[in-house]
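Note that these values count all heavy atoms, side chains included, but never hydrogens, waters or copies made by symmetry. Note that ligands are numbered from 1 as they come in the structure, with each ligand's atoms numbered from 1 the same way.
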Amino acid sequence: MHELGITSSIVAIVEEAAKGRRVARVTLEVGALSGVMSEAIAFCFDVVTEGTALEGAKLEICEIEGRARCDSCGAEFATDTLFALCPCGSYRLTRLRGEELNVKSIELMEAA
Ligand SMILES: [Zn+2]
């Protein structure tokens with residue numbers, strides 16, 4: 001599964017940022033045009049975090065709506081796919097937003 005590798009990379013990034021401390025919560029931003037299924041990431045998260053600093057951490061996923069601009073008429077609109085048609089009939093679209101796949105924030109456990 002594609003998302004398993006992505007989830008592993010995310011966990012590695014967070015572990016590095018946490019520098020050995022336990023992680024309580026991870027918030028991700030996933031764009032609608034990133035090609036990544038957030039459900040699949042959530043599914044992989046529990047498996048991948050086992051035995052890491054993220055074990056038991058909560059995962060929150062913020063989905064970011066995709067936006068595109070038409071190269072022909074300049075209209076901007078929301079879309080979940082780049083295979084959309086502009087109302088003017090053009091299919092030449094430029095992605096403005098929605099390819100994000102970011103670790104937005106990390107919450108560490110309080111030191112006991
Ligand atoms: Zn157009």
Considering all heavy atoms, the nearest Ala57-Val23 contact: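 Result for this residue pair: CB-O, 3.3 Å.
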Non-hydrogen atoms of Arg67 and Ala78 that approach each other most closely: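 Smallest interatomic distance, heavy atoms only, reads NH1-N, 4.0 Å.
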Qualifying side-chain hydrogen bond (donor to acceptor under 3.5 Å, both in side chains) pairs with a residue from residues 52-61, counting only residues at least two apart or across chains: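 Only Arg25-Glu60 qualify under side-chain hydrogen bond (donor to acceptor under 3.5 Å, both in side chains).
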Single-linkage hydrophobic cluster, 4.5 Å side-chain cutoff, Leu4 and Ile41 together: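 Both belong to a single hydrophobic cluster.
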Check: Phe45 and Ile10 side chains under 4.5 Å, non-hydrogen atoms: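 Not in contact.
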Any Leu28 side-chain heavy atom under 4.5 Å of Asn102 side chain: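 No, every pair of side-chain atoms sits at 4.5 Å or beyond.
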Protein N, O or S atoms lying under 2.8 Å from the Zn ion (ligand 1), listed by chain and number: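 The answer, once waters are left aside, is Cys70 SG, Cys73 SG, Cys86 SG, Cys88 SG.
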